[in-house]
2 protein chains.
Amino acid sequence: MNKQIMRKSSPTSLPSLSVRIDLDPEGRIGPGKILLLENIDSCGSISAAGRAMNMSYKRAWDLVDEINRICQQAAVERQTGGKNGGGAMLTPFGLSLVARYRKIERSAESAARKELQALRADIAVGRKG
Amino acid sequence: MNKQIMRKSSPTSLPSLSVRIDLDPEGRIGPGKILLLENIDSCGSISAAGRAMNMSYKRAWDLVDEINRICQQAAVERQTGGKNGGGAMLTPFGLSLVARYRKIERSAESAARKELQALRADIAVGRKG
DNA sequence: CATCGGTATGTTCGGTCAGACATAGCGAAT
DNA sequence: ATTCGCTATGTCTGACCGAACATACCGATG
């Protein structure tokens with residue numbers, strides 16, 4: 001791991017875009033929550049997802065709650081007890097939320113690429129001078 | 001002003017996009033800093049800009065410092081003392097930073113509009129059911 | 001029915017951050 | 001030289017936030 005660290009100014013990656021969606025003045029969804037959802041999808045539980053991204057179970061659980069609340073419907077369905085103590089999975093809505101976010105992110109990044117490069121050029125100018 | 005407030009679920013505005021630019025793993029520029037820069041540009045001073053957006057002078061000043069640091073060059077030029085006690089204005093770089101950000105924001109918003117509407121539809125479905 | 005692992009929730013503690021004050025410096029204008 | 005308004009900077013304090021613990025519950029499974 002860490003293949004691309006140690007490179008102080010990775011010329012292709014920065015500056016990069018990060019996108020948030022304001023669903024509610026008090027509720028936003030950004031890269032962090034989406035990554036959590038993806039990890040829940042692939043890990044099958046909130047706690048495993050948390051561990052996978054080095055996040056405490058409580059924090060992950062609270063975020064899931066917040067996501068469900070913001071969306072006014074469940075993006076994650078939890079099952080308590082059972083075979084392996086329970087688990088969690090994305091609802092169809094949750095899956096589509098992730099897919100839509102990633103698509104929006106790609107569109108935005110691609111639409112902004114040129115301006116982003118121009119901005120990088122501006123900043124590089126300042127660096128030398 | 002405030003022509004479109006008082007509309008609890010303004011159907012055209014939410015969900016909306018908000019864009020941040022990661023210039024540095026530790027330095028991002030988003031809507032707040034850009035708005036501050038715009039206010040500095042129109043008000044002519046950091047303190048007036050802060051007042052205009054109900055932000056303490058210290059906070060505004062700290063943000064300006066952070067912006068200049070992140071960009072590795074001045075986006076805001078300050079003048080201490082003088083005619084009205086001094087003032088601040090955007091440098092050419094600062095002006096172009098704001099312009100580029102706004103353009104990136106518009107591009108992103110426009111590129112994502114369709115998906116955003118689809119997302120709104122998804123959420124509306126959850127609201128009724 | 002005891003075990004197991006995850007969900008569900010509350011509590012406590014330490015660090016961080018923003019806001020409120022406080023003050024000094026500066027340079028033009030009077 | 002005094003005034004004025006803004007820059008420049010430091011300190012303090014309260015609020016908020018996240019990490020760490022601590023339990024309780026739940027349901028399949030052996």
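These numbers come from a predicted model, not from an experiment. Every chain is numbered from 1 and lettered A, B, ... according to where its sequence line falls, protein lines coming before strand lines.
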With a 4.0 Å cut-off on heavy atoms, is B/Gly82 in touch with a base, just the backbone sugar-phosphate, or nothing at all?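 Base, at least one base atom sits under 4.0 Å.
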
Checking all strands, does A/Gly86 fall into the base, sugar-phosphate, or nothing category for heavy-atom contacts under 4.0 angstrom?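 The residue A/Gly86 makes sugar-phosphate contact but no base contact.
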
Distance in Å, A/Ile40 CD1 paired with A/Leu35 CG, rounded so as to fall on 0.5 Å steps: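 Taking CD1 in A/Ile40 and CG in A/Leu35, the distance rounds to 10.0 Å.
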
Between CZ of B/Arg20 and CD1 of B/Ile34, what distance do you get to the nearest 0.5 Å?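 If I round to the nearest 0.5 Å, the distance is 11.5 Å.
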
In whole Å, what is the span from the [atom1] atom of [X] to the [atom2] atom of [N]?
| X | N | atom1 | atom2 | value |
| --- | --- | --- | --- | --- |
| A/Met89 | C/dG6 | CE | P | 17 Å |
| B/Lys33 | C/dA18 | NZ | P | 10 Å |
| B/Gln79 | C/dG25 | CD | C1' | 14 Å |
| B/Asn54 | C/dA18 | CG | P | 15 Å |
| A/Asp62 | C/dG10 | CG | P | 10 Å |
| B/Asn84 | C/dA28 | CG | P | 12 Å |
| A/Tyr57 | D/dC25 | OH | C1' | 11 Å |
| A/Arg59 | D/dC17 | CZ | C1' | 8 Å |

Check this one for me: any side-chain N or O of [X] less than 4.0 Å away from OP1 or OP2 of [N]?
| X | N | answer |
| --- | --- | --- |
| A/Trp61 | C/dT7 | no |
| B/Arg78 | D/dT7 | no |
| A/Ser47 | C/dT7 | yes |

Which one, [options], comes nearest to the side chain of [X]?
| X | options | result |
| --- | --- | --- |
| A/Arg51 | D/dC6, D/dA8, C/dG6 | C/dG6 |
| B/Lys83 | C/dA28, C/dG19, C/dT7 | C/dA28 |
| B/Lys58 | C/dC26, D/dC26, C/dA20 | C/dA20 |

Can you tell whether the side chains of B/Arg69 and B/Asp24 come within less than 4.0 Å, N to carboxylate O?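 Answer for the salt bridge query: no.
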
Salt-bridge criterion met for A/Arg106 and A/Glu109 (N-O under 4.0 Å):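 A salt bridge is absent here (no side-chain N lies under 4.0 Å from a carboxylate O).
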
Is there a donor-acceptor pair closer than 3.5 Å between any side-chain N or O of B/Asn68 and the backbone N or O of B/Ala75?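 Judged by distance alone, yes, a pair lies under 3.5 Å.
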
